[in-house]
S.K.: 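I'd like to ask some things about the structure below.
All figures in this text were calculated on a predicted structure; none of them were measured in a lab.
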Amino acid sequence: MRLFVSEGAPGSLPVLAAAGRAQGREELLISTVGPEECVVPFLTRPKVPVLQLDSGNYLFSTSAICRYFFLLSGWEQDDLTNQWLEWEATELQPALSAALYYLVVQGKKGEDVLGPVRRALTHIDHSLSRRSCPFLAGETESLADIVLWGALYPLLQDPAYLPEELGALHSWFQTLSSQEPCQRAAETVLKQQGVLALRPYLQKQPLPSSFEGRAVSNEPEEEELATLSEEEIAMAVTAWEKGLGSLPPLRPQQNPVLPVAGERNVLITSALPYVNNVPHLGNIIGCVLSADVFARYSRLRQWNTLYLCGTDEYGTATETKAMEEGLTPQEICDKYHAIHANIYRWFNISFDIFGRTTTPQQTKITQDIFQRLLTRGFVFQDTVEQLRCEHCARFLADRFVEGVCPFCGYEEARGDQCDKCGKLINAIELKKPQCKVCRSCPVVKSSQHLFLDLPKLEKRLEEWLGKTLPGSDWTPNARFIIRSWLRDGLKPRCITRDLKWGTPVPLEGFEDKVFYVWFDATIGYVSITANYTDQWERWWKNPEQVNLYQFMAKDNVPFHGLVFPCSALGAEDNYTLVNHLIATEYLNYEDGKFSKSRGVGVFGDMAQDTGIPADIWRFYLLYIRPEGQDSAFSWTDMLLKNNSELLNNLGNFINRAGMFVSKFFGGCVPEMVLTPDDRRLLAHVTLELQHYHQLLEKVRIREALRSILTISRHGNQYIQVNEPWKRIKGSEADRQRAGTVTGLAVNIAALLSVMLQPYMPTVSATIQAQLQLPAPACSILLTNFLCTLPAGHQIGTVSPLFQKLENDQIESLRQRFGGGQAKAPPKPAVVEAMATAGPQQIQVLTDEVTKQGNIVRELKAQKADKNQIAAEVAKLLDLKKQLALAEGKPLETPKGKKKK
C-alpha cells in the first residue's frame, strides 16, 4: 500500500493518525507530495490524501482511508460510529470550512471564527458529557474520534477557539492530541506553522456562503428535559417519594481511619508543598483544594476515606531559605510548617493528617526502601561531575545554582529543572552557571554518588502502567508526560546529594551525604501515614484493597508516576501505587505569574486579609481550575462570577425558596401535590445530579461545579414561571400550587446544600442550618433526588448567603496585589525619583502605555463588559501618569465636567 499526503492539506491529518493502526499489519509506504501533484492517473485535478491499494485501486475519501486502516487493525464497525461520520460530513465540515476560511484567508478573529462552529462544538461536548465516556463511541478510541480530531485540530490547537466551558470536549481533544500518532500527523501536515499552513489550500476553496450555524443534531433545544422517557420520570418520582427512609445508615467514624475489607477504601494525597515558601493561589488549587473537593465528595458517598498531606522539609530549598533568614533549617521548617497549616485551615481543607517529612519514620522507611533496592541490584555507584563554588568552599546542590537552560534558553533555570520548559537538568549542563549565594562562577569537580538504575526497572514500570492506565482516571497531561519520558528511554538518576539537611544515606563511605529530595519526598506520604497510625501498612502495602488518588500540578508528575513507582516496584514489598494521578495545568495571575518578591499575586496568607470569605475564594478557584490548559486568576472575572453565579443565581434561588416557606407558610414546608411538570422537573434535577456524580467520580471537578449552577438556574426558572408570590393570594387551587412550588423549590435548595459541600463547606453548613436539614441528609449524597424536607418540616431563620463585590473594592485589591505595593514610598518621593528617570525607563513606560492602549481599544471594539473596560482604562491612566512623572511633565487635569 502507498499513502500519499501533502503538507497543508487538512485531510492528511486524520489519515496519518489512523495509519499507525495499519503499520506492522501490512507494508505501508507514506509519500509526501506537493499540493499540485496528480497521483491518481485517471483524475485530471490533484487530489490528496490518496491511498493506493496493492490491488491497484485507489481510495481518496478521508473517512474511507481511515476506515480501511481501522478495519485492518481488527476494529469492528458500529452504528454509532457511522452516525458520527455522517454528522461530520454533513454538519461539521461545512461549519468548519467556513470558520477556517474566515480565520486564515480573511484574517477574522474571535466570534467571527467561532460563531459558525460553536453549535457543533457544543454538540460534541454534550454527547461526551451525557454518555460520560472518554471517547465518542464508548470507552475506547474509534474511527469517529480520529476523523473528528483530524478535522478539528487545525482550529482547536489554538486554545482561543476551544471554549473553556466545554470541559468534556477539552478532555477528549487533549487526550487525542497527546497521542504520538496524532502528534506526528500534526508535525507532518502543519510543520509548526499552525493553522496558517492551510492557507494555500484554503485560498483555492470557494468563498463560504453566509453561515448562520445550522442545527447540528436532531435533538430538541431543551436538552435532557425534552428527551426524558416516561420510565425515567417514574423512577425519579419513586425515589423522591421514598425520602429520608432510603438513606443508608451513616458509616461509623474510625480513629484512626483504616481500610475495611469489602468497602471502597480511598487514599487521597496532595503533593507535599515545599516548606520554604508561602503557597500562592496556583499552589492551593493545584493540589490541596482539588484533593479536598474529592475527599469531601468521597465521604459524602460513604467511601472509607483517608486524606493526607504535609510539608516537604528536606533539601536544598530549605537550606537556602535558612541562609536567607539567618535561621537553622529546623527553625525554618517549624516556622513555615505552621504558616502552611494556618493557611490550609483558613481555606477549610479537611485533611485527616497534615504532617511533615522531618521525622524518624521518614528516615526509617526511606532507608528500608533504599536497602531493598540496593540488595536487588537497582542502585549503583558512579562518579559525578558537580559544580563547586570555591568562594563558598562547597559543592553546590541543584537549587544553589542558576543559569541558562540548555534546552530552551531560559535564563533563570535551576540546577535541577527548568521552570519554563519543564525538563529535568543536571546542574553541569547549565550554560553560564552562577552560585546563588555569592554570584561567582562555580567550577566542575568530581564526587562519588549513588544512582537508581531506572533502565533496569523500565520493563516493570511499563507492565504496571499497562495494567493501571486502562480504565483509570489519570489526566491526559499526566499520561502524556509519562509517555514522553518512556519514549526517550529511562536513564539512571542520581539519588544522593552533598548536603547536611536530609535523610542520611545508610552506606559506608556516604556518611556525609543525604538522599536527593526527589527520591525520598514521595516516600513522605508513607511516613506521614506511619506517624498517624502504626498500622500504616494496611494503607500502603495493600494495593488489592486501596484506591490511591494523588493530586498535583503537572511538574510533579514524573516523581509520582515514574520515580516512586520504580522505587516501590524495585523494592518488591507490595507497596500501594497510584491508581489515579490527577494533574492540573498552571494557574497564572492576571497577565503574568505569581511573584512573592515583586508583590504580584495573592498568596495564601494574604487572602485572609482581603475581607472576602474563604468559600468565595474556593468557589472561584474551582470555577477556573486549570484542568485542560493553563488558566488565569482575574479580579474582574472574580467579581462577575461572584455577583452573577453566586449572588444572582445560587444565592437568589436558595434565599427565595427559604423565604417563601417562612413568609407564606409560617416556616413550615407545605404539602406538595405534583403535576406532570413538577414530575418532569424532578427527573431533570435527578439527571443533572447523576451527571454531577459521573463527573466527580472521574475527578472532573470544574465541570461538576457547573451542574450545581445548572440545577440552581432551573430552580430560579421554575419559581419565575410559577410565581408563588402571586398564587398565594389567589384561589384555594392557586394557594395549593404555591405550596407545591415552594415545597419542591426548598427541597432543591436542600439538595444543592449537599452538592455544594465539597466546594463551599461553610456556605453548605449555613444553608443546612437555615433549612434545619436532618443530620443524615447532610452527610450522604445518593444518586437520586430525595424529598429530605417533607411537608410539616419546620425550617429555621433564612438570611442572604452572599454579598455583592463592588468595583471599587475589587480595583483596590487589584492595585494592592499588582506588584511593588508593599514598599511604595510616599508620593513626593515618587515624583522626585521618577523625575530623575533615565531614557531606558522612559522607553519601558512608553511601551507599556502603547501596549495598554491597544488592550483598551481592543476591548472597546469587542464591546466588552463595562467593568472590564473601566479596569483596563484605570491601568492605562496610571501608566500615563507614571510616564508623565518620568518625563518631568505636569500631570494632566482629568477631562470632564467642571465643578461649579
S.K.: Is the number of heavy atoms from other residues, nucleotides or ligands within 6.0 Å of CD (E723) greater than 12?
M.R.: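 Enclosed.
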S.K.: Looking only at the side chains, is there a donor atom on one of R737 and N722 sitting less than 3.5 Å from an acceptor on the other?
M.R.: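 The criterion, which ignores hydrogens and geometry beyond distance, is satisfied for N722 and R737.
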S.K.: Do the ring planes of F351 and Y344 sit parallel (below 30°), tilted (30 to 60°) or perpendicular (above 60°)?
M.R.: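 F351 and Y344: perpendicular rings.
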S.K.: May I ask you to say whether K698 pairs ionically with E703, meaning some side-chain N is under 4.0 Å from a carboxylate O?
M.R.: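 The answer is no: the pair does not qualify as a salt bridge.
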S.K.: Indicate the ring-plane relationship of W84 and W87, choosing parallel, tilted or perpendicular according to the 30° and 60° boundaries.
M.R.: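 Correct class here is perpendicular.
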S.K.: Just jot down the salt bridge (charged side-chain N to carboxylate O under 4.0 Å, His left out) partners of D125, sequence neighbours excluded, or say none.
M.R.: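 Salt bridge (charged side-chain N to carboxylate O under 4.0 Å, His left out) list for D125, sorted by chain: empty.
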S.K.: Considering all heavy atoms of both residues, which atom of I284 and which atom of G604 are nearest to each other, and what is their separation?
M.R.: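 Heavy atoms only, the tightest pair is CD1-CA, 4.0 Å.
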S.K.: Do D292 and S350 get their side chains close enough for a donor-acceptor pair, meaning under 3.5 Å?
M.R.: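 Looking only at side-chain atoms, S350 and D292 do form a donor-acceptor pair, the distance falling under 3.5 Å.
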S.K.: How many angstroms lie between CG in L162 and CG in L156, if you round to the nearest 0.5 Å?
M.R.: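 If we round to the nearest 0.5 Å, L162:CG and L156:CG are 5.0 Å apart.
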S.K.: Around Q803, counting heavy atoms of other residues, nucleotides and ligands shown, do more than 12 lie under 6.0 Å from its CD?
M.R.: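 No - once you tally the heavy atoms of other residues, nucleotides and ligands closer than 6.0 Å, there are 12 at most.
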S.K.: Measure the shortest side-chain to side-chain distance between L751 and T788 over non-hydrogen atoms and say whether it is less than 4.5 angstrom.
M.R.: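 Contact flag for L751/T788 side chains = no.
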S.K.: Does the side chain of R713 pick up a donor-acceptor pair with the side chain of N716 at under 3.5 Å?
M.R.: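 There is no such pair (donor and acceptor under 3.5 Å, judged by atom type) between the side chains of R713 and N716.
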S.K.: Whether the Y307 and T269 side chains hold a donor-acceptor pair (N or O, under 3.5 Å, no angle test) is what I'd like checked.
M.R.: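 Result is no, nothing qualifies.
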S.K.: Find out whether the Lys NZ or Arg CZ of R706 is both under 6.0 angstrom from the six-membered ring centre of Y623 and within 45° of the ring's axis.
M.R.: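 Yes - R706 lies over the ring of Y623, closer than 6.0 Å to its centre and within 45° of its axis.
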S.K.: N649 and S712: side-chain donor and acceptor closer than 3.5 Å?
M.R.: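 Yes, because at least one side-chain N or O of N649 sits under 3.5 Å from a partner of the opposite role on S712.
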S.K.: Closest heavy-atom contact between S707 and L695?
M.R.: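 Nearest heavy atoms, S707 then L695: OG-CD1, 4.1 Å.
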S.K.: Got a list of side-chain donor-acceptor pairs under 3.5 Å for residues 738-745, not counting sequence neighbours?
M.R.:
unit_1 : atom_1 : unit_2 : atom_2 : d
T740   : OG1    : V673   : N      : 2.9
T740   : OG1    : V673   : O      : 3.4
T740   : OG1    : Q736   : O      : 3.3
T742   : OG1    : A738   : O      : 2.8

S.K.: Report the relative orientation of the aromatic rings in H714 and H684; use parallel for angles under 30°, tilted for 30 to 60°, perpendicular for over 60°.
M.R.: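 It falls in the perpendicular class, over 60°.
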S.K.: Are side-chain heavy atoms of Q174 and Q629 found at a separation under 4.5 Å?
M.R.: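 Answer no - side chains too far apart.
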S.K.: Of L689, L773, L786, which meets side chain to side chain contact (heavy atoms under 4.5 Å, CB included) against V754?
M.R.: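 For V754, the side chain to side chain contact (heavy atoms under 4.5 Å, CB included) test succeeds with only one of L689, L773, L786, which is L773.
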S.K.: So, the side chain of W617 versus the backbone of L281: is there a donor-acceptor pair under 3.5 Å, distance only?
M.R.: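 Side chain of W617 to backbone of L281, a donor-acceptor pair under 3.5 Å: no, none is there.
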S.K.: Test your reading of the model: is there a side-chain donor-acceptor pair from H580 to the backbone of D473, 3.5 Å cut-off?
M.R.: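 Yes, H580 side chain to D473 backbone: donor-acceptor pair under 3.5 Å.
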S.K.: Hydrogens and angles aside, do R618 and T762 bring a side-chain donor and acceptor to less than 3.5 Å of each other?
M.R.: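 Checked: R618/T762 side chains show no N/O donor-acceptor pair below 3.5 Å.
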S.K.: Please say whether more than 12 non-hydrogen atoms of neighbouring residues, nucleotides or ligands are located less than 6.0 Å from CD in E263.
M.R.: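 Yes - once you tally the heavy atoms of other residues, nucleotides and ligands closer than 6.0 Å, there are more than 12.
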S.K.: Looking at N579 and S472, would you say the former's side chain and the latter's main chain have a donor-acceptor pair under 3.5 Å?
M.R.: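 Not a single qualifying donor-acceptor pair exists.
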S.K.: Can you confirm whether E231 is buried at CD, in the sense that more than 12 heavy atoms of other residues, nucleotides or ligands lie under 6.0 Å from that atom?
M.R.: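 Atom CD in E231 is not packed in, count stays at 12 or less.
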S.K.: Around atom CD of E671, are there more than 12 heavy atoms of other residues, nucleotides or ligands at under 6.0 Å?
M.R.: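 At most 12 heavy atoms, drawn from other residues, nucleotides or ligands, come within 6.0 Å of this atom.
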S.K.: Heavy atoms only: give me the nearest V602-W635 pair and the separation to one decimal.
M.R.: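 Heavy atoms only, the tightest pair is CG2-CZ2, 3.5 Å.
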S.K.: Would a distance-only check, ignoring hydrogens and angles, find a side-chain to backbone donor-acceptor pair under 3.5 Å from Q302 to L781?
M.R.: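 Side chain of Q302 to backbone of L781, a donor-acceptor pair under 3.5 Å: no, none is there.
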S.K.: Kindly say whether the aromatic ring centers of F785 and W240 come within a distance under 6.0 Å.
M.R.: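 Yes, close enough.
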S.K.: Within the structure provided, determine whether I343 and Q608 are in side-chain contact (heavy-atom separation under 4.5 Å).
M.R.: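 The answer is yes, as the side chains (C-beta and beyond) meet within the 4.5 Å cut-off.
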S.K.: Can D677 and Y718 be counted as having a side-chain donor-acceptor contact under 3.5 angstrom?
M.R.: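 There is no such pair (donor and acceptor under 3.5 Å, judged by atom type) between the side chains of D677 and Y718.
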S.K.: Between Y759 and F619, does a ring pair (Phe, Tyr, Trp, His ring centres under 6.0 Å) hold up when you go through it step by step?
M.R.: CA-CA 6 Å; Y759 294 88; F619 168 82; 8.4 Å; no
S.K.: Looking at F173, is its backbone amide N or carbonyl O close enough to the side chain of T175 to form a donor-acceptor pair, meaning the two atoms are under 3.5 Å apart?
M.R.: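 Checked: no pair found.
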S.K.: Please work out which of the three classes, parallel, tilted or perpendicular, describes the rings of Y297 and Y692, given edges at 30° and 60°.
M.R.: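 Rings of Y692 and Y297: perpendicular, as their planes differ by over 60°.
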S.K.: Mind telling me whether F633 and Y620 have parallel, tilted or perpendicular rings, with 30° and 60° as the class edges?
M.R.: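 Aromatic pair Y620/F633 classed perpendicular.
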S.K.: Taking the six-membered ring for Trp, is the centroid-to-centroid distance between F660 and F665 below 6.0 Å?
M.R.: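 Centroid distance F660-F665: not below 6.0 Å, so no.
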S.K.: Any side-chain donor paired with an acceptor under 3.5 Å for W172 and D145?
M.R.: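 Yes, a side-chain donor-acceptor pair sits under 3.5 Å.
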S.K.: Provide the closest heavy-atom pair for Q770 versus T797 in the form atom of the first, atom of the second, distance.
M.R.: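 It is CG-O, 3.3 Å.
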S.K.: Looking at every non-hydrogen atom in both residues, tell me the closest pair between P163 and L121 and how far apart they are.
M.R.: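 Looks like CD-CD1, 3.9 Å.
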S.K.: In terms of side-chain heavy atoms, does N304 have a donor or acceptor partner in Q254 at a distance below 3.5 Å?
M.R.: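 A donor-acceptor contact under 3.5 Å links the two side chains.
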S.K.: On a heavy-atom basis, which atom in R625 and which in S290 lie closest, and how many Å separate them?
M.R.: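 Heavy-atom minimum between the residues: NE-OG, 2.7 Å.
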S.K.: Restricting to pairs with a member in residues 656-669, which pass side chain to side chain donor-acceptor pair (under 3.5 Å), not counting sequence neighbours?
M.R.: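 Checked against side chain to side chain donor-acceptor pair (under 3.5 Å) - neighbours excluded - the pairs reaching residues 656-669 are R656-Q720.
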